[in-house]
Amino acid sequence: MKKAEVIRRKQVAHVMQEVQLLRQVDHPFIVKHLCSFQDKAHLCIVMEYLNGGELFRLIRKSHRLSPVVARFFSGEVVLALGHLHSMDIVYRDLKPENTLIDCEGHLKITDLGFAKVVPTRTWTVCGTPEYVAPEIISTKGHSKPVDWWALGILVFEMLAGHSPFVAKSSQEIHAKVLGQDPVFPKHIKEAAASFIGELLVKDKARRLGSGAGGVQDVKDHSWFESVDWDLMARKMYSPPIAPQVRPADDTSLFDGYPEEPIDIGATSNLSPEDEQRQFEGF
C-alpha cells in the first residue's frame, strides 16, 4: 500500500487497526499474518498464500453447492467467527469474496479491514449491501449479531446460488433487508431453511447466536447435528471438495493482473518525520 495514498484517503487508523488485529488473531480458519514492514513509500503486509480460490468463484462455477459442502464450509466459518467473538472482535465483512480455500479444501476468512473490537456496540455503517444486517442499515448500533446475520446470507447463497435479497441498487437491497423475509427455493431442506431463518431474524435480540449461549447455540442447531466440532476444529474432516491445484504455489485459480510500477518517490504532503509518526508501530 502506498503511504501517500493511505494518508490522502484518511485510512491511516483503518490500516493500523487491521494490522493490529491480524497480529492478535491465530486460528486455523482465519488467514495467517506472517509479518508487516515498511519502506520510505510503502506499507507491506505479508499473509499466507491460499491457492484454492475464492468461495465466490466456486459458487459461480457450480451454480450452487450441495448441503454437504455448504455445511462443511459454514461449520468452519462458525468456528472462525466464534474465535473472533471470544476476543470481542466483530468481523463485519463475511461474504464469498472474503472466504478463501486452501490447497486441501479448507476454508479461511480473510480481510479484516472492517473488523473492530466492540465490547458493547458500535455505530459505523460498513459492509457489502447484500450482507449487511438490518441494525447496521437503521444505524441503531450493532455488535456480534451482525456476523450471524451475514452467516445466514452466506449459507443461503451457497445453497441457492444467489443472495436472498437481490436488487439493482444498494437502496433497494436495504429496503428488502428491512421489509422482506427470504423466499426459499424448494430444494433447500427443512433443517437448512430453519438454520438460515433463525440467523436472518431482523430483531438482533432474537437472532440465533445472539443469546447468552453465543456461538454454542449456533453449533447446537439441527443443521449441524452430524458435526463433531472438536474434529472440525482440528481439521480432521476430509474436505468434500478438493481444489484443482497442484503444488502449494499454484496460481491457476486466480486471475492475472498487470504489474503496477513501484513509485519509490511517491510521498505525501507531510514531512518525513510526521509521516513516520503516522505509521509508528506498523
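Quick caveat: nothing in here was measured; it's all calculated off a predicted structure.
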Exercise. Has the side chain of Lys176 got a donor or acceptor atom that lies under 3.5 Å from a matching backbone atom of Pro182?
Worked result: no

For this session: May I ask you to check whether Lys116 and Thr122 show a side-chain donor-acceptor distance below 3.5 Å?
Result: yes

For this session: Could you tell me which residues satisfy ring-ring contact (aromatic ring centres under 6.0 Å, His included) with Trp148, sequence neighbours excluded, listed by chain and number?
Result: His85

For this session: Kindly determine whether Leu55 and Leu100 satisfy side-chain contact (heavy atoms from CB on, under 4.5 Å), including the steps that lead there.
Result: CA-CA 6 Å; Leu55 179 59; Leu100 303 179; over 6 Å; no

Exercise. Any salt bridge between Arg71 and Glu76, counting N to O under 4.0 Å?
Worked result: no

For this session: State whether a side-chain donor-acceptor pair under 3.5 Å links Ser194 with His221.
Result: yes

Exercise. With no hydrogens and no angle check, is any side-chain donor or acceptor of Ser66 less than 3.5 Å from a backbone partner on Val69?
Worked result: yes

For this session: Using modelled atom types only, decide if a donor and an acceptor are shared between the side chain of Asp147 and the backbone of Tyr91 within a distance under 3.5 Å.
Result: yes

Exercise. For the residue pair Phe282 and Phe37, is the inter-centroid distance of their aromatic rings smaller than 6.0 Å?
Worked result: no

Exercise. Is the distance between the ring centroids of Trp149 and Tyr131 under 6.0 Å?
Worked result: no

Exercise. Within the side chain of Lys61, is there an N or O that forms a donor-acceptor pair under 3.5 Å with the backbone of Phe56?
Worked result: no

Problem set entry | Candidate pair Glu135 and Arg207, rule salt bridge (Lys or Arg N to Asp or Glu O under 4.0 Å), full reasoning | CA-CA 12 Å; Glu135 60 267 30; Arg207 191 175 303 151; 2.8 Å; yes

Exercise. Is the ring centre of Phe165 less than 6.0 Å from the ring centre of His174?
Worked result: no

For this session: Classify the side-chain pair Lys95/Thr128 by whether it contains a donor and acceptor separated by less than 3.5 Å.
Result: yes

Exercise. Are the aromatic rings of His106 and Tyr237 close, with centres under 6.0 Å apart?
Worked result: no

For this session: Show your reasoning for whether side-chain contact (heavy atoms from CB on, under 4.5 Å) applies to Val118 and Asp88.
Result: CA-CA 6 Å; Val118 183; Asp88 279 338; over 6 Å; no

Exercise. When you check the gap from the basic side-chain N to the acidic O, do Asp26 and Lys32 get nearer than 4.0 Å?
Worked result: yes

Problem set entry | Side-chain donor/acceptor of Arg64 to backbone N/O of Met158, under 3.5 Å | no

Problem set entry | Sub-4.5 Å side-chain heavy-atom contact between Val117 and Leu21 | yes

Exercise. Between Glu280 and Arg277, is the closest basic N to carboxylate O distance under 4.0 Å?
Worked result: no

Problem set entry | Heavy atoms from other residues, nucleotides or ligands near NZ of Lys235 exceed 12 (cutoff 6.0 Å) | yes

Problem set entry | Sidechain N-carboxylate O distance under 4.0 Å for Glu198, Arg206 | no

For this session: Would you tell me whether Gln38 and Lys3 have side-chain atoms, one donor and one acceptor, within less than 3.5 Å of each other?
Result: yes

Exercise. Between Thr99 (side chain) and Pro96 (backbone), is there a donor-acceptor pair under 3.5 Å?
Worked result: yes

Exercise. Do you see a donor-acceptor pair shorter than 3.5 Å between the side chains of His14 and Arg9?
Worked result: no

For this session: Run the numbers on Leu79 and Lys219 for side-chain contact (heavy atoms from CB on, under 4.5 Å), then give the verdict.
Result: CA-CA 9 Å; Leu79 291 174; Lys219 292 178 179 179; 3.7 Å; yes

For this session: Using only heavy-atom distances, determine whether the side chains of Glu172 and Ser169 contain a donor-acceptor pair under 3.5 Å.
Result: yes

For this session: Using modelled atom types only, decide if a donor and an acceptor are shared between the side chain of Gln216 and the backbone of Gly209 within a distance under 3.5 Å.
Result: no

Exercise. Would you say the side chains of Asn98 and Asp93 form a donor-acceptor pair under 3.5 Å?
Worked result: yes

